[in-house]
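Have a look at the structure below, then the notes.
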Amino acid sequence: MIYTATIATPLGPMTAAAENQALTGLWFISQKYYPTGTEAWAAKPDHPLFTELQARITGYFAGKDTSFSLPLAPRGSAFQQAVWDILLSIPYGQTSTYGEIARSIAAARNLHSMSAQAVGGAVGHNPISILIPCHRVVGTNQSLTGYAGGLDKKEVLLRLESIKE
């Protein structure tokens, strides 16, 4: 059973999803790639995972909680999972580029190269916004590019983390 709750943030409400005691999704409502079929999910706002998530998100936006230790179980292909694992390694207050992530995956797979555009697709389909910090991925020249929640939200998140765009 997939459980769901609405999480309040200063950037607007987010839909959270959990299954088997792990968070499987966190999306800004109406963002690009918002999941379909959510009407079949069971609303359970008092689920302990959602209570903890709301506390962590509140702390994050207050600048007091810079890491999340919630159990995560995003669904995706092996390639997407590899990209999301790299996103999890980008420290608070720092950024990486699509090209750097592509080179990292290419090296791990003993490939000559990897497409930064393919990495961008996986980053864009990250189902757990903020906690898997896809907002910390920028263009080669540090430009703000792509964010399923909207570039305005990405800019606020980077500013919150004191990252100069």
Side-chain angles (χ1 to χ4, degrees), residues 7-17 22-35 49 52-165:
I7 303 299
T9 81
L11 297 178
M14 298 183 81
T15 298
L23 193 66
T24 58
L26 183 62
W27 305 268
F28 287 102
I29 294 175
S30 300
Q31 78 170 46
K32 190 174 185 180
Y33 310 123
Y34 191 83
L49 187 58
E52 180 69 14
L53 174 61
Q54 182 65 72
R56 297 294 181 121
I57 289 289
T58 300
Y60 171 80
F61 279 101
K64 297 176 182 172
D65 200 344
T66 61
S67 65
F68 298 96
S69 60
L70 298 170
L72 307 178
R75 290 194 183 118
S77 69
F79 177 73
Q80 288 173 321
Q81 296 283 344
V83 170
W84 300 337
D85 284 345
I86 291 172
L87 297 181
L88 287 166
S89 73
I90 303 170
Y92 181 92
Q94 295 183 28
T95 61
S96 185
T97 67
Y98 298 96
E100 289 168 340
I101 295 170
R103 286 188 289 281
S104 177
I105 290 178
R109 295 182 174 190
N110 291 320
L111 300 172
H112 177 66
S113 64
M114 170 64 61
S115 164
Q117 288 81 9
V119 167
V123 170
H125 283 84
N126 167 25
I128 306 178
S129 295
I130 301 176
L131 278 68
I132 299 178
C134 53
H135 61 278
R136 295 180 189 153
V137 182
V138 297
T140 302
N141 60 357
Q142 298 299 305
S143 61
L144 295 186
T145 59
Y147 187 65
L151 286 180
D152 58 329
K153 290 179 177 68
K154 182 173 187 167
E155 185 175 9
V156 170
L157 293 169
L158 291 174
R159 207 175 318 119
L160 173 71
E161 295 184 15
S162 297
I163 298 170
K164 306 296 183 220
E165 358 19 278

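Any value given below was found using the heavy atoms of this structure, including those in side chains, with hydrogens, waters and symmetry copies removed. Worth saying up front: this structure is predicted, and the values here are computed from it rather than measured.
- Between Phe68 and Tyr60, the ring planes lie tilted relative to each other; the angle falls in the 30° to 60° range.
- For Gln81 (side chain) and Pro74 (main-chain N/O), a donor-acceptor pair under 3.5 Å exists by modelled atom type.
- Across all their heavy atoms, Ser89 and Ile86 have their closest contact at OG-O, 2.6 Å.
- Remark: the backbone N or O of Gln54 is paired with a side-chain donor or acceptor of Thr58 at under 3.5 angstrom.
- The shortest distance between side-chain heavy atoms of Pro71 and Leu49 falls below 4.5 Å.
- Pairing each heavy atom of Ala22 with each of Leu72, the nearest pair is CB-C, 4.3 Å.
- With rounding to the nearest 0.5 angstrom, the OG1 atom of Thr15 is 9.0 Å from the CD atom of Gln31.
- Looking only at side-chain heavy atoms (C-beta outward), Cys134 and Tyr147 come within less than 4.5 Å of each other.
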Test log, rule side chain to side chain contact (heavy atoms under 4.5 Å, CB included), inputs Gln142 and Thr97 | CA-CA 8 Å; Gln142 298 299 305; Thr97 67; 4.0 Å; yes

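- With values rounded to the nearest 0.5 angstrom, Ser113 atom OG is found 12.5 Å from Ile105 atom CD1.
- Lys154 places a side-chain N or O within donor-acceptor distance of the main-chain N or O of Gly146, the cut-off being under 3.5 Å.
- Of the residues Ile90, Leu26, Val123, Asn126, the one that meets the side chain to side chain contact (heavy atoms under 4.5 Å, CB included) test with Ile132 is Asn126.
- One distance of note links CG of Leu131 with CG of Leu23; it measures 6.5 Å at 0.5 Å rounding.
- Annotation: the span from Ile57 atom CD1 to Glu52 atom CD amounts to 11.0 Å, rounded to 0.5 Å.
- Between Ile130 atom CD1 and Lys153 atom NZ the span is 10.0 Å, to the nearest 0.5 Å.
- Residues Tyr98 and Gly139 come closest through the heavy atom pair CE1-N, 4.3 Å.
- Contact record, Ser69 with Arg56: OG-NH2, 3.3 Å, taken as the closest heavy-atom pair.
- Between Ala122 and Phe79, the shortest heavy-atom contact is CB-CE2, 3.9 Å.
- Closest heavy-atom contact between Val138 and Ser143: CB-O, 3.5 Å.
- Remark: the backbone N or O of Gln117 is paired with a side-chain donor or acceptor of Ser115 at under 3.5 angstrom.
- The side chain to side chain contact (heavy atoms under 4.5 Å, CB included) with Val137 is formed by just one residue from the set Leu87, Val83, Thr95; it is Leu87.
- In this structure, CD on Glu155 lies 11.0 Å from CG on Leu11, to the nearest 0.5 angstrom.
- A ring-ring contact (aromatic ring centres under 6.0 Å, His included) with His125 is found for one member of Trp27, Tyr33, Tyr34 and no other, namely Tyr33.
- Here the side chains of Ile7 and Phe28 are not in contact, with every heavy-atom distance at 4.5 Å or above.
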